[in-house]
Amino acid sequence: QPTLIAESPDRKSFLVVFADGSIQIIDPKEGEILRTLRGTKNFIHTLVFQEDGKRFATAESDGTIAVWDVAKGEIQFRLLGHIGPVHGLA
């Protein structure tokens, strides 16, 4: 079951987040899965795109913020140090 959906800034794709931490990039016109991203097993509370749509950040249940590269489909780096789950990003 999807837990979160976000539209890219250019409106050419959607990110669909699942409870297992996987993320699908979907083409909204075709309804086609373009790519499935796996890099965390944590529950993702929220995500936010960078303005240019090249990266997005996820706020995770273990207190991690992960910054993902959309083109590469992988986590570029993690921000650590939060004591509890991260519930919001701006």
A.B. asks: Going from CD1 on I65 to CD1 on I75, what distance comes out if it is rounded to the nearest 0.5 angstrom?
C.D. replies: 12.5 Å
A.B. asks: Heavy atoms, side chains only, cut-off 4.5 Å: are E60 and R78 in contact?
C.D. replies: yes
A.B. asks: Dump the intermediate steps for side-chain contact (heavy atoms from CB on, under 4.5 Å) on R55 and V67, then the final yes or no.
C.D. replies: CA-CA 7 Å; R55 292 184 186 179; V67 178; 3.9 Å; yes
A.B. asks: Flag yes if V48 and F14 sit in one hydrophobic cluster, no otherwise; membership is Ile, Leu, Val, Met, Phe, Trp, Tyr, and two members link when side-chain heavy atoms are under 4.5 Å apart.
C.D. replies: no
A.B. asks: Does the side chain of F43 reach to within under 4.5 Å of the side chain of D20, using non-hydrogen atoms?
C.D. replies: no
A.B. asks: Could you tell me the separation between the CD1 atom of I26 and the OG atom of S13, rounded to the nearest 0.5 Å?
C.D. replies: 9.5 Å
A.B. asks: With side-chain contact (heavy atoms from CB on, under 4.5 Å) as the test, would you mind laying out the steps for L15 and I5 before giving the verdict?
C.D. replies: CA-CA 6 Å; L15 296 180; I5 299 173; over 6 Å; no
A.B. asks: Honestly curious: do L89 and L4 fall in one hydrophobic cluster under the side-chain, below-4.5 Å linking rule?
C.D. replies: no
A.B. asks: Has the side chain of T3 got a donor or acceptor atom that lies under 3.5 Å from a matching backbone atom of V17?
C.D. replies: yes
A.B. asks: Could you pull out the closest heavy-atom pair between N42 and S61, with the gap in Å?
C.D. replies: CB-OG, 3.7 Å
A.B. asks: Got a donor-acceptor contact below 3.5 angstrom from the R35 side chain to the A71 backbone?
C.D. replies: yes
A.B. asks: Should T64 and V86 count as side-chain neighbours, where that means a heavy-atom distance under 4.5 Å?
C.D. replies: no
A.B. asks: Is there a side-chain contact between L47 and W68 in this structure, where contact means two heavy atoms from C-beta onward sitting under 4.5 Å apart?
C.D. replies: no
A.B. asks: Taking side chain as C-beta onward, heavy atoms only, is F49 less than 4.5 Å from E7?
C.D. replies: no
A.B. asks: Tell me whether the count of non-hydrogen atoms from other residues, nucleotides or ligands lying under 6.0 Å of CG in L34 goes above 12.
C.D. replies: yes
A.B. asks: Do H45 and T58 have side-chain heavy atoms sitting under 4.5 Å apart?
C.D. replies: no
A.B. asks: Does a side-chain heavy-atom distance below 4.5 Å link D69 with Q76?
C.D. replies: yes
A.B. asks: Would you check if L37 and F56 make a side-chain contact, meaning some heavy-atom pair closer than 4.5 Å?
C.D. replies: yes
